[in-house]
Protein chains: 2
Amino acid sequence: MPRTMKIAEPPLPSDPSQEDRAQAIRDSLRDAIVDRRLAPGTKLSEAEVGTLFDVSRTVVRAALQMLAFEGLVRVERNRGAFVSDPTPEEALQVFASRRLIEPGVIAAAIERATAKDIAAFRRHLEEETRHKHERGAQARRAEIKASGDFHLMLAAVAGNAILQKFMDELVARSSLVIALYGRSGASSCGHNDHADLLDAVEARDVARAQALMLRHIDHIEADLDLRASSSLTLRDALSL
Amino acid sequence: MPRTMKIAEPPLPSDPSQEDRAQAIRDSLRDAIVDRRLAPGTKLSEAEVGTLFDVSRTVVRAALQMLAFEGLVRVERNRGAFVSDPTPEEALQVFASRRLIEPGVIAAAIERATAKDIAAFRRHLEEETRHKHERGAQARRAEIKASGDFHLMLAAVAGNAILQKFMDELVARSSLVIALYGRSGASSCGHNDHADLLDAVEARDVARAQALMLRHIDHIEADLDLRASSSLTLRDALSL
DNA sequence: GGCGGCAATATTGAGTGCAAAACAATTGGG
DNA sequence: CCCAATTGTTTTGCACTCAATATTGCCGCC
């Protein structure tokens, strides 16, 4: 065995942009889905996506498979991939999961948050409220995205990569659910939940933060109309 | 719109075994990893696995990608797939996540468990203890598998598909962690935690069940030796 | 006239080949 | 004698291709 193992050169990622096109496509599609630019149910043809990103179907397949694992697309054998449209039951499960996990996440975040983190949260919150006061579909999308990002920031600060991955999935799925079943379209209509949450985090008041988090999730869920959506009722009616 | 929509024939899955070989390979590999027949760090060459299952690399790649999403294998670009060997930090995160999620799971399970479910649990428990009293590596593997399955059964009864998926991942990762850092090798050495848990479930005592669950996870974690493993320190030392 | 079957089309599933990257061994230089 | 560079080998990344399956449009028949 060699005694010294000097690495002549840092092998140097030949090109940072070359770091996996499948992942780039996944991120792009994911943003589009979470931003609701791709409606639930939309078919994602391999060839179409492939020409769009100028890659072969092989790479597209990998990206779609990833999204399927996150529950954002549904792949049906020999039929293709579709932006998933969660059933009301799945919607309930998404929020039940969030109720279970997010109180723990915020507790961990409170334990680990630095002053710098708090400052970052404050900055994020400002941007969030800024979007809220703007008009237009574009600003609305940005607001929804920012709203989800707040929860993802909490998960990041909590410092548990596994929980962070779970939260990634749950927040993304929430976006889909809100897209399908949301009444007002905005999850935080009228409420200032995030600001209150941040106050509790800054005060390191775990119990209060957890209670606020649960209420916040209640608020989001209360904005949903989980009676079977129009398209679903249509389908169900036809298939019966 | 057609008045009658008779379905001439149940389209009949041309062959149930044909229902996705990638998934079959994934399950097979997953069992092998969870059962510790594949040691952490083992390289899973696409060609090798392909010849082993008699499929092309394409299918193997899909299976490996799935396992990567569950955190059971780690794929390094241009280097291949390896059975992942979690760091001590990841190990801690796995158990932190379980502590967060499983009390909720068992609460939901208690709410939904039928008499039939309880009976299934009892049957499972018998088998578990049977394995425990047997000797040999084979029985030991079966015991560990059954121990994880108990938690998965709880998640199934809880009736939340998303949480169930999370638990799938967490239990699988726990097996890896125990394989790497376990002292006694068996997670439930000396304790009868599962039996106690089941009693609490049958009594519908949520608080008690949750407390027992947390203690159970403590027991599992207490059996770990999370000081850096030998192989890892060696590798780290060499690469520095 | 509408329903059922049939053929044409499109799309996915999967195997193979080629290029590039990483790994291993060997040889030349200090 | 040991280190470093180079070459040869192996393995992955990705595109192309063919086969299999679902979908769509069409025609005959009841």
Side-chain angles (χ1 to χ4, degrees), chain A residues 1-26 29 41-68 73-84 235 238-239, chain B residues 1-26 29 41-68 73-84 235 238-239:
Chain A
M1 187 185 300
R3 217 176 330 172
T4 68
M5 217 168 165
K6 192 171 65 172
I7 290 158
E9 302 247 24
L12 189 57
S14 47
D15 185 5
S17 69
Q18 175 67 13
E19 67 160 270
D20 217 356
R21 293 174 286 173
Q23 200 144 332
I25 293 173
R26 178 197 67 151
L29 285 178
T42 306
K43 166 145 197 185
L44 300 172
S45 151
E46 296 181 358
E48 198 179 332
V49 178
T51 52
L52 220 64
F53 286 91
D54 197 49
V55 295
S56 88
R57 281 174 44 215
T58 308
V59 182
V60 177
R61 273 178 92 85
L64 291 176
Q65 206 184 355
M66 292 193 233
L67 289 168
V73 315
R74 164 178 45 90
V75 295
E76 297 180 19
R77 184 175 176 88
N78 284 322
R79 287 194 17 90
F82 305 83
V83 179
S84 69
R235 230 176 43 178
L238 291 177
S239 64
Chain B
M1 185 184 302
R3 213 168 343 164
T4 68
M5 215 162 166
K6 191 172 62 174
I7 290 159
E9 301 249 24
L12 187 58
S14 46
D15 184 5
S17 68
Q18 174 65 15
E19 68 160 88
D20 218 353
R21 292 174 287 171
Q23 201 143 330
I25 293 173
R26 178 196 67 150
L29 285 178
T42 306
K43 166 144 198 189
L44 300 172
S45 151
E46 296 180 356
E48 197 178 332
V49 178
T51 51
L52 221 66
F53 287 91
D54 196 50
V55 295
S56 84
R57 282 174 43 216
T58 309
V59 181
V60 176
R61 271 179 94 83
L64 291 176
Q65 207 182 355
M66 292 194 233
L67 289 168
V73 315
R74 164 178 44 87
V75 294
E76 297 181 19
R77 182 174 178 88
N78 285 322
R79 286 194 16 89
F82 306 82
V83 179
S84 69
R235 229 175 43 175
L238 290 177
S239 64

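Convention: sequence-line order gives letters A, B, ...; per-chain numbering from 1. Atom set for the values below is all heavy atoms of this structure, side chains included, hydrogens, waters and symmetry mates excluded.
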Taking only side-chain nitrogens and oxygens of R77(B), does any of them come within less than 4.0 Å of OP1 or OP2 of dC14(D)? yes
In this structure, CG of L44(B) is separated from CG of L52(B) (nearest 0.5 Å) by 10.5 Å
Take the protein atom CD of Q23(B) and the nucleotide atom C1' of dA14(C), then report the distance between them rounded to whole Å. 16 Å
Rounded distance in Å - CD (E46(B)) to P (dT12(D)): 5 Å
To the nearest angstrom, how far is N78(A) atom CG from dT12(C) atom C1'? 6 Å
Nearest-0.5 Å distance, CD1 of residue I25(B) to CD of residue Q23(B): 11.0 Å
Looking only at heavy atoms, which two atoms of A81(A) and V75(A) are closest? And how far apart? CB-CG1, 3.7 Å
Grab the CD-P distance between E76(A) and dA10(C) for me, whole Å please. 21 Å
When the nearest nucleotide of DNA chain D is assigned to A47(B) and to R79(A) on a heavy-atom basis, which residue is associated with the more 5' position? A47(B)
If you round to the nearest 0.5 Å, how far is CZ of R79(A) from CZ of R74(A)? 8.0 Å
Could you tell me whether the phosphate oxygens of dG15(C), OP1 or OP2, come under 4.0 Å of any side-chain nitrogen or oxygen in R21(B)? yes
Sorted by number, the residues of residues 48-64 of chain A with heavy-atom contact under 4.0 Å to DNA chain C: R57(A), R61(A)
Could you state the CZ-P distance from F82(A) to dA22(D), rounded to the nearest angstrom? 13 Å
Residue list, side chain to side chain contact (heavy atoms under 4.5 Å, CB included) with A22(B), at least two apart or on another chain: D20(B), V59(B), A62(B), M66(B)
What's the spacing between R61(B) CZ and Q65(A) CD if we round to 0.5 Å? 10.5 Å
